[in-house]
Number of protein chains: 2
Amino acid sequence: MPILSKRESIISQALKLFYQHGFNATGIDRIIAEAGVAKKTLYNHFKSKDELILAVLRKRDELFRNKMMRETESLGKTPRDRLLSIFEAHHLWFQEPSFVGCMFINASAEFSAPEDPRHSICAEHKRLVREYIQDLAKQAGAENPEALSQQLNLLLEGAIVEAHVSGNKEAANQAKAMAKVFVNLAF
Amino acid sequence: MPILSKRESIISQALKLFYQHGFNATGIDRIIAEAGVAKKTLYNHFKSKDELILAVLRKRDELFRNKMMRETESLGKTPRDRLLSIFEAHHLWFQEPSFVGCMFINASAEFSAPEDPRHSICAEHKRLVREYIQDLAKQAGAENPEALSQQLNLLLEGAIVEAHVSGNKEAANQAKAMAKVFVNLAF
DNA sequence: ATCTATGTATACAGATCTGTATACTTAAAT
DNA sequence: ATTTAAGTATACAGATCTGTATACATAGAT
């Protein structure tokens, strides 16, 4: 029994390549070469490249939110602290050498039509991140958890774009300072 | 003398297609068909697709910032008003049926490497937008124009992403409400 | 009027893309 | 032991991609 199933190897390698080089720029041949599988194996598990892309985006959502929530909860003790430690978790992410922005923002750039299933998954991911923040805000006892989560989420998105497009690795700290203002106003 | 030179036609059509469908997904053949020119004409003006992409991004920067500054200054009377009317100008942009996010964020998604010239132009565009905000902040007499422009810029970026990825067409208004807090704190 | 620059139309080279087909191998289950 | 499922390796079809080549047309400037 291998550590990773063939299917998992394909998704894992495709995730790396799609994230680093983009979706349209990454060919199937490159993916199977890096994953070390035959082309037929890939098409045995996924009936098309688009299906693989959907599977990769679902995997990324799972991995990203799990890591983000784990780090946020490790960096902040109380729910209210965690409203700010989200930004610290993002700061750590921005420092990673492989950081090239948010995969879902990037995917939305290549698949712009909102009705495209590949775009819908991106919107869904963003909704789940915002709902996590809303849960924290509710636990913290904020007066309007939805409004606060909307505000903090918008700051996070701005920081991600600043960090990637402009290479501003301090964007998360700047966003955190701004977030403090809204957290303080929310109680 | 035609209304648009061949070169301008090519750039104009390429801009529409690149913006709507992405850079890698848009082929040269499609561009020349829409522009109504021969392939040799395109390669007479641009020595490669990459050069055309650079020319398109420069043109987009010019058109976008001109329009944004014009609308901002039409919607706001004083420099301080204009620090907020930027968000109104963005709101109008988000309502356009053809809106599919910021072309520079989208380009950065496809050309992730920061040293890629196509990425550099995106960073440069973002710098120029932020400098415009900084100028307004300076004219308005803000205590720390650079810090304020950094804050407002981050809010704008967040709104653009929210509007495109999540389809939240009210993102600019939400960002504007947040911006008011920082503008009020800045004097 | 003739030369030059610029354009059109089209074919094509060579690479790369997605997806399928073929033939062989291997390992597990009955 | 034999069947079945899943994998490998490779070739290939058919489309599309960037960029070049060829042959011809046209309009302006000298």
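Here is how names work: the chains are called A, B, and so on, in the same order as the sequence lines, proteins then strands, and each is numbered from 1. Note that this is a predicted model, so its numbers are computed, not measured.
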Q. Do NZ/NE/NH1/NH2 and the carboxylate oxygens of B:Glu34 and B:Arg30 come within less than 4.0 Å?
A. yes
Q) Do the side-chain N and O atoms of A:Glu110 and B:Asn24 include a donor-acceptor pair separated by under 3.5 angstrom? A) no
Q | Residues within residues 42-53 of chain A bordering DNA chain D, heavy-atom distance below 4.0 Å | A | A:Asn44, A:His45
(Q) Measure NZ/B:Lys6 against C1'/D:dA27 and give the value in whole Å, please. (A) 13 Å
Q: List in chain and number order the residues that pass side-chain contact (heavy atoms from CB on, under 4.5 Å) with B:Ala186, two or more places apart in sequence or in another chain; answer none if no residue qualifies.
A: B:Ala142, B:Leu148
**Q.** A:Asp29: salt bridge (charged side-chain N to carboxylate O under 4.0 Å, His left out) partners, not counting sequence neighbours
**A.** A:Lys39
Q. Does the side chain of A:Asn153 pick up a donor-acceptor pair with the side chain of B:Glu162 at under 3.5 Å?
A. yes
Where do N or O atoms of nucleotides 25-27 of chain C meet protein N or O atoms at under 3.5 Å, pair by pair?
none

Q: May I ask you to check whether B:Phe111 and B:Phe23 place their ring centres under 6.0 Å from each other?
A: yes
Q: Could you tell me whether the phosphate oxygens of C:dT6, OP1 or OP2, come under 4.0 Å of any side-chain nitrogen or oxygen in B:Thr41?
A: no
Q | Side-chain N or O of B:Lys40 closer than 4.0 Å to phosphate OP1/OP2 of D:dT22 | A | no
Q) Are A:Arg130 and A:Ser149 close enough, and set up right, to give a side-chain hydrogen bond (donor to acceptor under 3.5 Å, both in side chains), and what steps lead you there? A) CA-CA 6 Å; A:Arg130 199 196 57 75; A:Ser149 70; 2.7 Å; yes
Q: Enumerate the residues from residues 24-39 of chain A whose closest heavy atom to DNA chain D is under 4.0 Å, giving them by residue number; use none for an empty result.
A: A:Gly36, A:Val37, A:Ala38
Q) Residues two or more places apart in sequence or in another chain: which of them pass ring pair (Phe, Tyr, Trp, His ring centres under 6.0 Å) with B:Phe99? A) B:Trp93, B:Phe94
Q: Run the salt-bridge test on A:Glu131 and A:Arg127 with the 4.0 Å N-O cut-off and return the result as yes or no.
A: yes
Q: With the side chain counted from C-beta on, respond yes when A:Met178 and A:Gln151 share a heavy-atom pair under 4.5 Å apart, and no when they do not.
A: no
